[in-house]
Amino acid sequence: MLKQCEGSHAVAEAVALCRPEVICAYPISPQTHIVEGLGEMCKSGELADCEFINVESEFAAMSVAIGSSAAGARTYTATASQGLLYMVEAVYNASGLGLPIVMTVANRAIGAPINIWNDHSDSLSQRDCGWIQLFAETNQEALDLHIQAFKLAEELSLPIMVCMDGFILTHAYERVDMPTQEQVDAFLPPYEPRQVLDPAEPVSIGAMVGPEAFMEVRYLAHAKQMQALERIPQMAEEFQKVFGRKIGGLTHTYCGEDAETMVVAMGSVLGTIKDVVDEMRSAGHKVGVLGITSFRPFPLDAVREALKGCKRFVILEKSLAVGIGGIVATNVRLAVTGLGLQGYTVVAGLGGRAITKKSLHALFIRAGRGELGPLTFLDLDWEVINRQLERERLTRRSGPAAESMLRDLGTVASKIA
Amino acid sequence: MSLQPVKFYQTGTFTVGNRLLAPEERSVQANMQRTNSLNSGHRACQGCGEALGARYAIDAAMNASNRQLIAANATGCLEVFSTPYPETSWQIPWIHSLFGNTAAVATGIAAAIKIKKQKGQGGDVRVVAQGGDGGTTDIGFGCLSGMFERNDDVLYICYDNGGYMNTGVQRSSATPPAARTATTMPLGPEPGNQFGQGKFLPAIAMAHEIPYVATATVADLRDLEYKVTHAMSIRGARYIHILVPCPLGWGTASHDTIRMARLAKETGIFPVFEAEYGVVKSALAIRRPLPVEEYLRPQKRYAHLFGKSPAVETIARIQALADKNIRKYGLQARKGA
Amino acid sequence: MDKPFAITLNPGSSLANHTGSWRTSRPVYIDRLPPCNNACPAGENIQGWLFHAESGNYEKAWRSLVVNNPLPATMGRVCYHPCEGACNRGLMDATVGINSVERFLGDEAIKHGWKFDAPATKSGKRVLVVGSGPAGLAAAYHLACLGHHVVIREAAAIAGGMMRFGIPKYRLPRDVLEAEIARIVDLGVELHLNSRVDKLPEALKEGFDAVFLGVGAHIAKRAYIPAGDASKIMDAVSVLHDMEGEPDAMPLLGRRVVVYGGGNTAIDVARTAKRLGAEESIIVYRRTREKMPAHDFEVEEALQEGVMMKWLSTIKESGEDGLMVEKMALDENGFPQPTGEYETIAADSLVLALGQDVDLSLLENVPGLAIEGGNVKVDSTMMTGHPGIFAGGDMAGNDRTVTVAIGHGKKAARAIDAWLKGVAFVPPPKAEIATFERLNTWYYSDAPKTLRPVLDIIRRQSTFEEVLGGLDENNALFEARRCLSCGNCFECDNCYGVCPDNAVIKLGPGKRFEFNYDYCKGCGMCATECPCGAIKIVAEEI
Ligand SMILES: Cc1cc2nc3c(=O)[nH]c(=O)nc-3n(C[C@H](O)[C@H](O)[C@H](O)COP(=O)(O)OP(=O)(O)OC[C@H]3O[C@@H](n4cnc5c(N)ncnc54)[C@H](O)[C@@H]3O)c2cc1C
Ligand SMILES: Cc1ncc(C[n+]2csc(CCOP(=O)(O)OP(=O)(O)O)c2C)c(N)n1
Ligand code: SF4
Ligand SMILES: [Mg+2]
C-alpha cells in the first residue's frame with residue numbers, strides 16, 4: 001500500500017509488521033520518532049504481544065535486548081551517535097553471543113563537538129563489532145531492509161544494524177510502499193532461536209573462553225559474516241518474490257557499464273550523486289555509481305567486480321578515520337588491490353554539512369581530470385581553518401576551536417542536541 | 001512444675017537441617033533432592049562464601065519457582081569460577097553478558113517471558129539477576145536502579161564480599177572503612193579504605209520503594225532461604241543483598257567463612273533485615289552481642305589495626321558504625337529471641 | 001539444542017573438573033567420646049540413648065541404654081550422675097538432666113513392661129554370682145545376655161543389696177527396684193535368696209565355670225566413744241536395714257537424734273530420723289560442709305527438711321546429759337585439729353555413720369587372693385588373684401556407688417565371658433574426648449534445664465514418699481533435646497549444607513553422610529560448622 005509518510009514512521013510500521021516481541025529504547029535524535037511510533041503502537045494495542053521498555057540508557061537498551069533475545073524473543077531497538085557509543089560494550093556482547101537483535105542506527109555525527117546532524121561516524125565506528133551493517137539509500141529501502149534484517153539475523157544468529165541517514169531519511173516525508181501483514185508473514189517465519197534460556201533445556205550462555213578456543217570463536221563469527229555475503233543477495237531475490245521490489249543485496253551500480261569514473265558511496269547521498277551523474281552523462285562524462293548496501297560483511301568481490309572496468313574511482317564518504325583518511329575508502333581500496341586503478345578519497349557531509357550537486361559536479365570533473373589529491377575534504381572553509389591554526393600558533397590559551405571558528409563564521413552554537 | 005514449650009528442637013532452625021523437624025519445615029539445603037544449582041567442580045577458592053551463598057540463594061529460588069528459573073549473572077568471581085569453557089557448574093538456564101548490565105539483561109529476559117506467556121508459548125518462568133558488590137553497587141548501579149524504578153519482575157541478588165575480588169581484591173563502594181585492598185593499602189595517615197558515608201545499596205534500593213528489599217548472610221541459611229522464598233512470592237523488582245565473606249580478600253581461614261558472616265551480624269557491622277515498599281519490616285536481633293574487634297581481628301585486611309600499637313581510635317569509629325546500625329535497625333539482643 | 005561453539009555450555013558439566021586435587025587436608029567423620037559417656041562409671045552411651053529419646057523413640061532409647069546398664073529406673077533416682085558434672089552443656093547454660101531422662105526411660109519401661117531380649121545362643125557355662133547388690137545384678141544380667149547360665153546366691157531375704165537395705169525408699173521406691181530386678185531374673189537368672197555363701201570353696205563344688213563376687217561392704221565401722229549405760233548408740237547400716245523389716249520392728253531413735261559422720265549414709269539416716277518423727281535430727285561432722293563426702297544437693301535437701309548440721313565437731317563422750325562435743329579447727333592443710341573447746345548437746349540416740357568394711361570371711365582358704373586396704377584386689381579385668389574368680393562393687397574399690405558397682409559388674413561379665421572362651425579381655429578402644437572446644441555451640445537453641453518436681457515439704461518431713469518426681473513425656477523430650485550430641489553426628493545437615501562445593505553426600509535418615517573427595521577442596525568449613533565436633537581435619541598425604 002502506497003503512503004506518504006515520514007521515514008521514521010515508515011520504519012516503525014515496518015518493524016511492527018515484523019511482529020517484534022520486545023522493544024527497548026532510549027531517546028536520541030534523530031532516532032526518536034521511530035521508537036516513539038513503536039511505543040505508541042504498543043500502548044494502543046495496535047502492536048500486540050510486544051513489550052515496550054523505556055530504559056535508562058542505551059547501555060541498558062542493548063542489555064535488555066540481549067536478555068530478551070537470549071530468552072527467545074524477537075527484539076528490536078534503535079539508537080544513534082552518542083547512544084551507539086554508550087552501548088558499545090553491549091553491542092560487541094550481542095554479536096559475540098550470536099543474538100539476532102535488529103537495531104536501527106539513525107546515523108548521526110559523534111561529538112565532541114556535539115552535533116546532532118547526519119554523517120556515518122557512529123555506525124562506522126562499530127564496523128568491527130561483529131554486527132551486520134546495512135545502509136539504506138531511501139526510505140523505501142530502509143523500511144524493506146528491516147524486514148530482511150529480521151529474517152537474515154535470525155537465520156544466522158547474528159545481530160544487524162540497519163543504518164539510515166539521520167534527518168535526511170528519518171525525518172523526510174516520502175512516498176513508500178508499505179507491505180501488508182500477510183506479505184511480511186509470508187516472508188518472515190517466526191523466530192526459532194539457535195540457543196535459548198529455557199528451564200526445560202538449561203544451558204549456560206556466555207561462558208568464559210580462554211586462549212584454547214577464543215580464536216575459533218572469533219573465526220566462526222567471521223565465517224558467519226561470510227555466509228551472510230551469500231545470503232544477502234539471495235534474500236533480496238526472495239524479497240522480490242513476495243513484495244515485487246528488488247531491494248537490498250550487497251551493492252548496486254548505476255551507469256556503471258562503461259564508466260571511466262566510478263563514484264562509490266553509501267546511504268542517501270547516492271540519490272544526489274545519481275542526479276549529478278545523470279547531468280554529467282548528458283554532458284558526455286562517463287561517470288557511474290557504486291552504492292554499497294552491505295558494509296559488513298564487506299563485499300570485496302562485488303566491489304572489485306563493479307570497479308574493475310573503470311579507470312578511476314572516487315569514494316565519497318560521510319566519515320573520517322582521523323589520522324589516515326577514509327573508512328569506506330580503506331575497505332574499497334582493499335577490494336581493488338592490484339587492479340592499478342586511480343582512487344580518490346573524499347570526505348564529505350560531516351556533521352550534516354550539505355553535499356550540494358554543484359560541489360559534487362565540480363568534484364567529479366576534477367577527478368576525471370586527475371586533479372584530485374588522494375584525500376579531499378569537500379567544501380572545507382580553509383579560511384576558518386587557517387585562522388584557527390594561526391591562533392593556536394600565537395596563543396597557548398587559544399580556547400575551544402569549535403567555538404572560535406563559529407565566532408569567525410558569525411554564527412552561534414546550535415542549540416539543538 | 002514449669003511446663004516447657006513442646007516445640008523445642010535441639011538446634012531449632014539454626015542448623016541446616018534438623019531431623020526432629022517435620023519435613024515441610026526443613027530447609028531447602030537439607031533436602032537430598034536439592035537442585036545444587038551451582039554444582040561441584042567450580043573453581044571458587046576453598047571456603048568461598050560467594051559460591052556458598054549462590055547455591056543457597058539459587059536453590060531456594062529454584063525451589064520457590066518450581067524449578068522454572070533463569071539467571072543472569074554479572075562478570076565477577078561467581079561468573080568466572082562457574083563457567084570457564086568447556087565446563088559450567090550451573091544446572092539452570094544461565095547467561096552472562098557483561099559486568100555492568102545484569103539487571104537490564106534480566107529485565108529483557110523477564111520481558112521475553114512475559115510475552116511468551118501472553119502468547120501461550122511459555123510458562124511462568126521467573127528471573128533472577130546476580131552479581132558481586134562491584135557489579136551491583138558500582139558499575140551495574142545504573143541498570144539496577146533502572147530495573148528498580150520500572151519495577152521489572154526481577155529478583156536481583158547481590159553477593160557482597162566487600163571488593164572487586166575477581167580482579168585481585170580492589171576497593172569497591174561496598175568495601176568497608178579501614179579495610180585493606182590492593183587499591184587502599186594500609187599506608188599513610190588513614191591506612192586502608194577511607195571512612196566515607198558508605199554506599200549501602202539495600203538502603204538505596206529501599207529508596208526506590210520497590211516491593212521487597214532484604215539483607216542476609218551465609219551464616220543464617222534459614223533466614224536467607226526464607227527471604228529468597230518470600231521474594232519469589234512477590235512480583236516486581238526485588239533486591240536481596242547477601243554478605244558473603246571471601247577468604248582470599250579478607251585474609252581469613254577458609255574454614256572461617258560462615259563464622260565471619262556470623263560475627264558481622266552479631267557485632268552489628270552488617271544489619272540483617274527486610275523491608276517492603278521502602279519500610280523496614282523486621283530485623284534479625286543480635287543473639288550473642290560482641291564488640292566489633294571480635295569480627296575485625298581474624299581478618300588480615302584489618303591487620304594494620306592490631307599491630308604493636310592498636311589503632312584504638314579507628315576501631316572505635318568502626319564500633320560506632322556498628323552501634324549506629326544496632327540503633328537504626330533495632331538489632332539489640334532480645335531475651336528469648 | 002545446537003549450541004554456539006564454546007560460549008554456550010551443557011549444564012553441570014563442571015563435574016568433569018575434580019577439584020579434590022586442590023586439597024591439602026581432608027575432613028573425616030569421627031565419633032568422639034562425649035564427656036558424659038566418659039564420666040559414666042557404668043560406661044553408658046548416654047549421648048547414644050539420648051539421640052533416640054530426642055526423636056521420641058523411648059523404647060529404642062531404653063534399649064540402647066540397657067546395653068550397658070540394666071537398672072535405669074533405679075539409676076535415674078540414685079545415681080550421683082557424674083555424667084552431668086562433665087556435660088558440656090554446663091558451660092553454656094546448665095547441664096543436660098541426663099539422670100532425669102534416664103529415670104523417665106526406666107519408668108516408661110516399667111510402665112510398658114518392656115523386657116530384655118533373651119540371648120540368641122546359650123554357652124552352656126555356669127557362673128556363680130555371690131550377692132544381689134548392683135554389682136552382682138549387673139554381672140548376672142550381662143552374663144545372661146552373653147548366653148551363660150547365672151546362679152545368684154544372696155544372703156538376705158530380698159535382693160538388691162544396699163539399694164534395698166541402705167538407700168531409703170523416699171529416694172528409691174521399692175516397687176521400682178523390684179520391677180527392675182524381676183526383669184533380670186526373667187532372663188533366666190537363678191536367684192537364691194537366704195542363701196549366704198559362707199565358704200566359697202564349698203559353693204564352687206556345685207560346679208561353676210567362673211565366679212563373680214559382689215558382697216558389698218556391710219560391716220559398720222565403729223569409733224571409740226566412751227558411753228554411759230543409758231546411751232543409745234547404733235550404727236547407720238543397721239538402722240537403715242531395720243527400716244526394711246516389719247513395721248513393728250522399726251528402729252526407735254527418740255526425739256533428738258544425733259548422727260555422726262559426713263557421708264551420704266549420715267544424711268540418709270538423719271533424713272530417715274526426721275521422717276520417723278524426731279524433732280531434732282543433727283549431723284555432727286568433724287570438718288566443714290565443703291569437705292563433706294556427701295553431695296551438696298543431698299545436704300541441701302536434708303537442710304530443707306529441717307536436719308541440722310554441726311560442722312567442725314567431734315563427739316568425745318556420750319553421757320547422761322547428752323553428748324560431749326569438741327570444737328575443731330582446720331589447719332593449713334585442711335585437716336581438723338582439736339581446739340580444746342567443748343560443748344554438750346542433748347541426744348536420745350547417737351547413730352554412727354562412719355563407713356563400712358567388707359566382710360571377707362567367705363574367702364578363707366581361697367588361694368591366690370590378695371587383700372588391699374580391706375578390699376579384694378582385682379586386676380584391670382576385675383579378676384582376683386585366683387583365676388576364674390572375679391569381684392566388683394563395694395568390696396573391690398573405694399569408689400562406692402551403685403553406678404560404679406554396675407560398671408564393675410559389666411566389666412567383670414565381659415571379662416568372664418572372654419575368660420570362659422579362653423581369650424584375653426581387651427576393653428574397647430577409647431575415642432578422643434569431645435571437649436567443649438570441639439563444639440560449635442552457636443547452633444544449639446537456648447534452653448534452661450528442666451527442673452524435676454519436688455514433693456511438698458510437709459510430706460517430705462513425715463512420709464517416705466518419693467521426694468523427687470519424674471519428668472513427663474513433654475519435658476523428658478525437651479530435656480533430651482538439650483543434649484549437644486557431643487562428638488557424635490546427629491544429622492543436623494550442617495556439613496551437607498555448608499560445603500561450598502557440594503562435596504558432602506547425604507545418605508539419608510539414620511545413615512549419616514559421606515565426603516565426596518573428588519570435589520572436596522579441604523576448606524574445612526564442615527568441621528568448623530559441625531555443631532558437635534564429629535568431623536576431624538587430617539593432613540592429606542601429598
Ligand atoms: C545409706 C546408703 C545410701 C547410699 N546411697 C547411694 C546413692 O544414692 N547412690 C549410689 O550410687 N550409691 C549409694 N550408696 C552406695 C551403694 O549402695 C553401694 O555402693 C552399692 O550398693 C554397692 O553395691 P554392691 O553390689 O557392691 O554391694 P551391695 O549393694 O552391698 O550388695 C551386696 C549384696 O551381697 C549380699 N551378700 C553379702 N555377703 C554375702 C554372702 N556371703 N553370700 C551371699 N550374699 C552375700 C548382701 O546381702 C547384699 O545383698 C549408698 C550406700 C548406703 C549405705
Ligand atoms: C566493564 C568492565 N570493567 C571492568 C571489568 C573487570 N572486572 C571483572 S570482574 C571485576 C570485579 C568484580 O567484583 P565484584 O562485582 O564485587 O565481584 P566479585 O569478583 O568480588 O565476586 C572487575 C573489576 C570488566 N570485566 N568489565
Ligand atoms: S576471590 Fe573470594 S569471591 Fe572470588 S572465588 Fe575466591 S573466595 Fe570466592
Ligand atoms: Mg565483590
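Lettering follows sequence order; numbering is per chain, from 1. If you're wondering where the values come from, they're calculated on a predicted model, not measured in any experiment.
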Applied to residues 2-39 of chain C, the ring pair (Phe, Tyr, Trp, His ring centres under 6.0 Å) test, sequence neighbours excluded, yields B:Tyr85-C:Phe5, C:His18-C:Tyr519, C:Tyr29-C:Phe515
Ion pair [X]/[Y], N-O distance below 4.0 Å:
X: A:Asp49; Y: A:Arg19; value: no
X: C:Lys111; Y: C:Asp107; value: no
X: A:Lys241; Y: A:Glu237; value: no
X: C:Glu491; Y: C:Lys506; value: no
X: C:Arg482; Y: C:Asp446; value: no
X: C:Glu84; Y: C:Lys449; value: yes

Do the side-chain N and O atoms of C:Arg438 and C:Asn88 include a donor-acceptor pair separated by under 3.5 angstrom? no
Proximal to chain C - members of residues 197-226 of chain A, heavy-atom separation under 4.5 Å: A:Glu201, A:Pro202, A:Val203, A:Ser204, A:Ile205, A:Gly206, A:Ala207, A:Val209, A:Ala213, A:Glu216, A:Val217, A:Leu220
Residues of residues 61-73 of chain A under 4.5 Å from chain C (heavy atom pairs)? none
For residues 149-162 of chain A, pull every pair meeting salt bridge (Lys or Arg N to Asp or Glu O under 4.0 Å), keeping only residues two or more places apart or in separate chains. A:Arg74-A:Glu154, A:Lys151-A:Glu238, A:Glu155-A:Arg231
